[in-house]
Each structure stands twice: as structure tokens, then as C-alpha cells.
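What follows is a short report on a single structure.
Everything numeric in this text was worked out from a predicted model, so none of it was measured.
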Amino acid sequence: ERDGIVTKKTVYFFVGRVTDTHITLSSEHVDYTWLPLEDALNQLTFKNARDVLNAAHEFIVSKAD
């Protein structure tokens with residue numbers, strides 16, 4: 001809430017694996033980085049984002065060949 005205005009948003013997360021590490025950024029982005037799980041978790045500010053990343057990691061590991 002800011003100045004009495006409540007803003008709601010919906011965030012969609014997509015889980016996947018990359019097969020090519022070449023990245024093309026859109027004009028909305030200025031940078032990116034590939035991080036090991038622990039480093040990525042340490043970069044996140046919100047607990048719910050860490051929970052989502054942990055759940056995605058567990059899902060990917062469970063589907064590993």
C-alpha cells in the first residue's frame with residue numbers, strides 16, 4: 001500500500017531447464033546471472049520467493065533422469 005492505494009498483482013512462475021546458456025535480453029532487462037541454488041536464495045529478499053525457488057528446485061530434482 002502506498003498513499004492509500006492498494007496494488008494487486010499476479011506473478012506466474014515457470015519451471016524449466018535450459019539447454020543453451022546463450023541469453024538475449026529484452027529492453028526490460030539490463031543484466032542477468034546464473035547462480036548456484038544457495039547463492040540465488042541469498043539474493044532473494046522475500047521469504048515467499050525463496051519458498052518458490054526451493055519448491056522449483058525440488059521439483060526439478062524429482063524429475064531428473
_Closest approach of Ala40 to Leu53 (non-hydrogen atoms, all atoms of both residues)_ = CB-CD2, 3.7 Å
If you measure from [atom1] on [X] to [atom2] on [Y], what distance do you get to the nearest 0.5 Å?
X	Y	atom1	atom2	value
Asp31	Ile23	CG	CD1	11.0 Å
Leu41	Lys47	CG	NZ	11.5 Å
Asn42	Leu37	CG	CG	9.5 Å

State plainly whether one hydrophobic cluster holds both [X] and [Y], where clusters connect Ile, Leu, Val, Met, Phe, Trp and Tyr through side-chain heavy atoms under 4.5 angstrom apart.
X	Y	answer
Val61	Phe59	no
Leu35	Tyr32	no
Trp34	Leu25	yes
Phe13	Leu44	no

